[in-house]
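Accompanying notes for the structure given below.
Naming: A, B, ... by sequence-line order, numbering from 1 per chain.
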Number of protein chains: 2
Amino acid sequence: MKHTISVLLQNKPGVLSRVTGLFSGRGYNIESLCVNKTLDPNVSCLTLVSYGADQIIEQITKQLHKLIDVIKVTDMAETEYVEREMVLIRIKAEAGTRAEVLRIIDIFRGKVVDVSSKSYAVEITGDEEKIQAVIDILKPIGIQEIVKTGTIAMARARKTL
Amino acid sequence: MKHTISVLLQNKPGVLSRVTGLFSGRGYNIESLCVNKTLDPNVSCLTLVSYGADQIIEQITKQLHKLIDVIKVTDMAETEYVEREMVLIRIKAEAGTRAEVLRIIDIFRGKVVDVSSKSYAVEITGDEEKIQAVIDILKPIGIQEIVKTGTIAMARARKTL
């Protein structure tokens with residue numbers, strides 16, 4: 001099962017290695033990972049996605065809690081949440097295909113971030129499925145390069161308008 | 001100096017720990033990091049930002065090259081590149097402030113991704129400076145939660161239209 005885990009940790013050298021080491025020590029692969037500062041420069045927020053048996057992931061999150069410099073661990077599977085990733089795609093765009101590429105980018109609310117005579121670099125955000133859908137549609141036109149952030153997640157506020 | 005380093009690596013447990021370990025072993029902090037799959041499910045793309053003396057960062061990238069399972073290492077400082085990050089911000093939005101929050105989000109081309117009676121969760125993309133500018137403007141209104149991806153980067157195509 002897919003688990004999206006959110007971890008608040010002290011922004012110090014070595015903490016990231018210890019967190020990722022907990023997964024690799026059990027032979028568990030981290031599918032995607034993001035870490036960056038929060039409003040407090042001493043605290044970083046890490047979001048990781050791993051597929052595995054619920055029981056093992058639960059063991060790992062318990063061990064995460066025990067790590068020094070780890071402040072808070074949340075398995076998003078326990079709540080409703082919004083998840084997003086961003087991708088930069090360099091796509092072949094020559095005279096004959098440019099209009100079609102722009103149409104597709106527009107449908108997915110993407111933004112062109114770099115232009116050359118032969119290609120566009122575009123930025124697209126969405127959940128994993130949407131990003132995969134864009135990639136599948138652009139592939140036949142010619143994807144030259146692709147760089148993705150990992151997934152980030154935020155719990156939904158419970159009381160809606 | 002700021003270094004944005006892009007690494008292609010085999011998608012196997014333990015590789016990420018070895019990469020981050022190279023930095024922490026020298027007491028160097030990783031400012032932000034993203035890792036995710038590429039089009040080839042066996043290959044992941046990692047982007048990290050670290051601040052440090054050029055010489056030390058050069059030594060670290062050389063050692064990265066030597067790591068088993070590392071396919072390619074690029075220090076973006078050697079080229080022109082586009083860099084982007086994404087942030088999810090939960091911001092206080094009550095009757096009196098909602099219109100103002102939406103105006104700000106609109107100016108920065110953000111998207112509202114979750115709504116409650118007391119808050120909006122918004123998604124904003126841009127380079128580090130833009131993201132910091134949004135945060136600075138929204139802070140007085142009341143930021144309740146913030147989750148960022150790391151920075152990702154893509155070399156610019158040289159020949160422009």
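- B/R109 touches chain A through backbone and side chain together, each having a heavy atom under 4.5 Å away.
- The cluster map of Ile, Leu, Val, Met, Phe, Trp and Tyr, joined by side-chain heavy atoms under 4.5 Å apart, puts B/I107 and B/Y120 in the same cluster.
- Both B/I91 and B/V87 belong to a common hydrophobic cluster when Ile, Leu, Val, Met, Phe, Trp and Tyr are linked at side-chain heavy-atom distances under 4.5 angstrom.
- By the 6.0 Å contact criterion, NZ on A/K92 is open, its count of non-hydrogen atoms from other residues, nucleotides or ligands being 12 or less.
- Judged purely by atom type and a 3.5 angstrom limit, A/R90 uses its side chain to pair as donor or acceptor with the backbone of B/A155.
- Heavy-atom pairs under 4.5 Å with chain B were tallied for A/P13, A/S24, A/S119; the largest tally goes to A/P13.
- Proximity to chain B (any heavy atom under 4.5 Å) is shown, for A/R18, by neither the backbone nor the side chain.
- Cluster membership for A/V115 and A/V113, using ILVMFWY side-chain heavy atoms within less than 4.5 angstrom, is not shared.
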For this session: Show your working on side chain to side chain donor-acceptor pair (under 3.5 Å) between B/S17 and A/S17 and close with a plain yes or no.
Result: CA-CA 5 Å; B/S17 290; A/S17 290; over 6 Å; no
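- B/M154 and B/L8 end up in different hydrophobic clusters when Ile, Leu, Val, Met, Phe, Trp and Tyr side chains are linked at under 4.5 Å.
- Rounding to the nearest 0.5 Å gives a distance of 7.5 Å between CE of A/M86 and CZ of B/R84.
- Clustering ILVMFWY residues whenever any of their side-chain heavy atoms sit less than 4.5 angstrom apart, transitively, puts B/L88 in a cluster other than the one holding A/I5.
- For chain B, the nearby part of A/E128 is the side chain; its heavy atoms alone come within less than 4.5 Å.
- For chain A, the nearby parts of B/T149 are the backbone and the side chain; heavy atoms of each come within less than 4.5 Å.
- Inspection of non-hydrogen atoms places A/G27, A/Y28, A/N29, A/I30, A/E31, A/S32, A/L33, A/C34, A/V35, A/N36, A/K37, A/T38, A/L39, A/C45, A/T47 of residues 26-57 of chain A under 4.5 Å from chain B.
- Along residues 129-144 of chain A, the residues that come nearer than 4.5 angstrom to chain B, judged on non-hydrogen atoms, are A/I135, A/K139, A/I143 in order of number.
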Exercise. Taking it one step at a time, do A/E123 and B/T125 satisfy side chain to side chain donor-acceptor pair (under 3.5 Å)?
Worked result: CA-CA 9 Å; A/E123 166 204 312; B/T125 63; 2.5 Å; yes
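- Listed for the B/D114 side chain is a donor-acceptor partner under 3.5 Å among the backbone atoms of A/A157.
- Looking at B/I89, only its backbone comes within 4.5 Å of chain A, counting heavy atoms on both sides.
- Between chain A and the residues B/V147, B/T20, B/I152, B/I146, the most heavy-atom pairs under 4.5 angstrom are made by B/I152.
- Within 6.0 Å of NZ in B/K2 there are more than 12 heavy atoms belonging to other residues, nucleotides or ligands.
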